[in-house]
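Following: one structure in structure tokens, then a few remarks.
What you are looking at is a predicted structure, and each value in this text was computed from that prediction instead of being measured.
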Amino acid sequence: MIDADLFVPRPAFFDDAECAGITHVMFPTTPGGVAAAQRVCRRCDVQAECLSYALTRGEVHGVWGGLSEVERDEIRRPLLQVTALQVSA
């Protein structure tokens with residue numbers, strides 16, 4: 001059985017994204033591929049929306065909003081620590 005909660009409607013900004021139609025480029029497997037994907041993002045008019053979407057959804061794969069998995073994790077890590085401190089207080 002397929003869990004319907006796994007399927008999220010595609011955000012409207014996807015249609016305006018520079019990577020529309022070439023999403024395979026945005027999930028690189030090499031450092032050179034990450035750089036190529038980030039170049040695509042730099043030309044994109046919806047880069048900020050894309051990054052916000054990825055951070056909100058906890059996307060762990062691919063380049064979103066110009067940031068790699070590692071770069072997004074560097075943003076998320078301090079936020080998660082603050083949240084953990086607030087919960088334990």
Side-chain angles (χ1 to χ4, degrees):
M1 181 171 200
I2 296 176
D3 186 350
D5 291 335
L6 295 176
F7 297 97
V8 176
R10 208 172 126 132
F13 76 83
F14 274 24
D15 293 332
D16 297 325
E18 190 70 27
C19 66
I22 58 164
T23 54
H24 63 283
V25 172
M26 306 314 287
F27 295 90
T29 57
T30 66
V34 170
Q38 289 173 325
R39 282 192 297 276
V40 171
C41 290
R42 283 195 295 272
R43 299 188 310 260
C44 187
D45 292 334
V46 296
Q47 183 177 359
E49 293 94 324
C50 182
L51 178 57
S52 176
Y53 174 83
L55 291 172
T56 301
R57 298 245 330 126
E59 292 290 345
V60 294
H61 301 290
V63 173
W64 291 80
L67 298 183
S68 69
E69 296 100 331
V70 172
E71 293 165 328
R72 287 192 312 279
D73 194 41
E74 289 171 359
I75 292 171
R76 264 193 304 265
R77 191 174 305 115
L79 297 174
L80 292 174
Q81 290 171 347
V82 168
T83 302
L85 289 174
Q86 289 172 343
V87 169
S88 66

Judged by atom type as modelled, is there a donor-acceptor pair below 3.5 Å linking the side chain of R72 to the main-chain atoms of G62?
yes
Taking the side chain as C-beta and beyond, is there a heavy-atom pair between D16 and D45 under 4.5 Å?
no
The reported gap from CG in L55 to CD1 in I75 (rounded to nearest 0.5 angstrom) is 5.5 Å
Pair listing, side-chain hydrogen bond (donor to acceptor under 3.5 Å, both in side chains) test, anchored in residues 20-34, at least two apart:
none
Please determine whether residues V46 and F27 belong to a single hydrophobic cluster, defined as Ile, Leu, Val, Met, Phe, Trp and Tyr linked transitively by side-chain heavy-atom distances below 4.5 Å.
yes
Are any non-hydrogen side-chain atoms of M26 and V63 less than 4.5 angstrom apart?
yes
In this structure, CD of E69 is separated from CG of D73 (nearest 0.5 Å) by 9.5 Å
At what distance, to the nearest 0.5 angstrom, does CG of L67 lie from CD of Q47?
7.5 Å
Of all heavy-atom pairs linking C41 and G66, the shortest is SG-N, 3.2 Å
Output yes when a side-chain donor or acceptor of R76 lies under 3.5 Å from a complementary backbone atom of G58, and no otherwise.
no
Under the side chain to side chain contact (heavy atoms under 4.5 Å, CB included) test, which residues partner F14, sequence neighbours left out?
R10, P11, Y53, W64
If the condition is side chain to side chain contact (heavy atoms under 4.5 Å, CB included), which residues does E18 pass it with, not counting sequence neighbours?
V40, R43, C44
